[in-house]
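Structure record follows, encoded as structure tokens.
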Amino acid sequence: MRIAIIGAGLAGVTSAYELALQGHEVQVFERDTTVATGASFAPPGLIAPGLMAARANAPLRWRGKPGQIGWRFAHWRAGRARGAQAMPEALHALALRGQAVMAVWRRELQMEVEREAGVLLLWRSAKDYKAAAALLARLQERQVPHRELDAEGCRAQEPGLNAETPLHGGILLTQDEAANARQFSQALRVEAQRLGVRWHFNTDVLRVEPGSSPAVHVAAGEPVRVNAVLVCAGKGAAPLLAAQGLKLPWGTVHTHTITAPLRQLEAHPDLGPRATVVDMSLGVSLTRLGQRVRVGGANELGGASSQPDGQSMGALHQAAHDWFPGALLAGGQQRWKTARLLLPDELPLIGESGLPGVWLNIGHGEHGWTMAGAAAQLISARLAKQDPGIDAALLEPGRLR
């Protein structure tokens, strides 16, 4: 089949590689200069099926756009319907397969990607730790490997934790990990190109034309006619789909990160995190990436996409100072903010859009890195009319009709 992919973030790159691996003729259209320049550029980087199963959702602050009030109500209603249940089995299966696929690709392609295993969730007080009971129940229901740790156990796992910051205990998710999403995307782009994928950078897609022979209309040149169009354009997907009458109840969620060089002192080798720690009170993660630390979180609903929010950046700085004071160098810090589309039920859209010949792989929220490889395989199987091995009907766009 001839397949056009719109968007070259993690979803687009992984889909391009998997589809080319299965023998399809693939073209990727990206408005920016290279891969992973949007939401895949500097995300917190967690590949965390266990965290997803625990539903340890970070706080979602509202920045007060009136147009988001309806979305907030729908989000609240979806949360009430979900109750204390574990995440849907199909989504957890997708997350587990996604992590496994990434590991296979890294190994078989001999990728050099910054990566650390283990995610440690931290609670500061016994009062706060009461919230962990529901998380533990969901972990047990999904049989996720984990260990409960007291404060001493947490500090043994992460010796750099500040002894003066109150710490009651934590949960170690032993099989979760974190890695450099942009580094991985760049390496996989090269491998996809070797398989024949053609990349069209600096190319604006004006519209998608559904049909038995769908087409991608670009700013310069003739429409590109293919057998299927796969939209992986993240926040850019909404206007493309809306122009074809597919208006979905999207919310816009912003995430912030700071990436900073790690101070190197021979006398204090554990100044920063060894792997990943998550401050459950602030909803902030701190991840070791080589000789740097990425601090991520401060999720906001609404607000502007232009500049990092000072209040949200303050939460990231506070977490870094509280847990690893003096570990991050002030020079060379990278401040970053991105926007992601999120549906009220917080589930992605993976499958047929309802528009003839147009498929979707969007709306993954903060767990796109975890699910990317499996979502690509799911789309590939569906296009080939094969059994994907996962009952993913819950993730199909048709659920919104």
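The line from CG of Leu139 to CD1 of Ile171 is 6.0 Å long, rounded to the nearest 0.5 Å. Here the OG atom belonging to Ser15 is positioned 6.5 Å from the CD1 atom belonging to Ile379, to the nearest 0.5 angstrom. One distance of note links CG of Leu248 with CG of Leu246; it measures 4.5 Å at 0.5 Å rounding.
Judged by distance alone, the side chains of Thr259 and Arg294 do bring a donor and an acceptor atom under 3.5 Å apart. Inspection of the Gln175 and His146 side chains reveals no N or O donor paired with an N or O acceptor under 3.5 Å.
Between His168 and Tyr129, the angle of the ring planes lies from 30° to 60°, which puts this pair in the tilted group.
Ion pair Glu191/Arg194 flagged as a salt bridge, since at least one NZ, NE, NH1 or NH2 atom sits closer than 4.0 Å to an Asp/Glu carboxylate oxygen. Ion pair Arg106/Glu177 flagged as a salt bridge, since at least one NZ, NE, NH1 or NH2 atom sits closer than 4.0 Å to an Asp/Glu carboxylate oxygen. Between Glu116 and Arg274, none of the side-chain N atoms (NZ, or NE/NH1/NH2) sits under 4.0 Å from a carboxylate O, so this pair counts as no salt bridge. At a threshold of 4.0 Å, the pair Arg225-Glu209 counts as salt-bridged, since one of the basic side-chain nitrogens sits closer than that to a carboxylate oxygen.
Judged by distance alone, the side chain of Ser185 and the main-chain N or O of Val35 form no donor-acceptor pair under 3.5 Å. Checked by atom type and distance alone, the side chain of Glu30 pairs as donor or acceptor with a backbone atom of Asp32 at under 3.5 Å.
Aromatic ring centres of Trp369 and Phe184: separated by under 6.0 Å.
Heavy atoms of other residues, nucleotides or ligands lying less than 6.0 angstrom from CG of Asn202 number more than 12. Annotation: His217, atom NE2; neighbour count of heavy atoms from other residues, nucleotides and ligands within 6.0 Å is above 12. Within 6.0 Å of atom CZ in Arg340, more than 12 heavy atoms from other residues, nucleotides or ligands are found, so the atom counts as buried in its surroundings.
The two atoms that bring Pro88 and Leu394 nearest to each other are CB-CD2, 3.3 Å, heavy atoms only.
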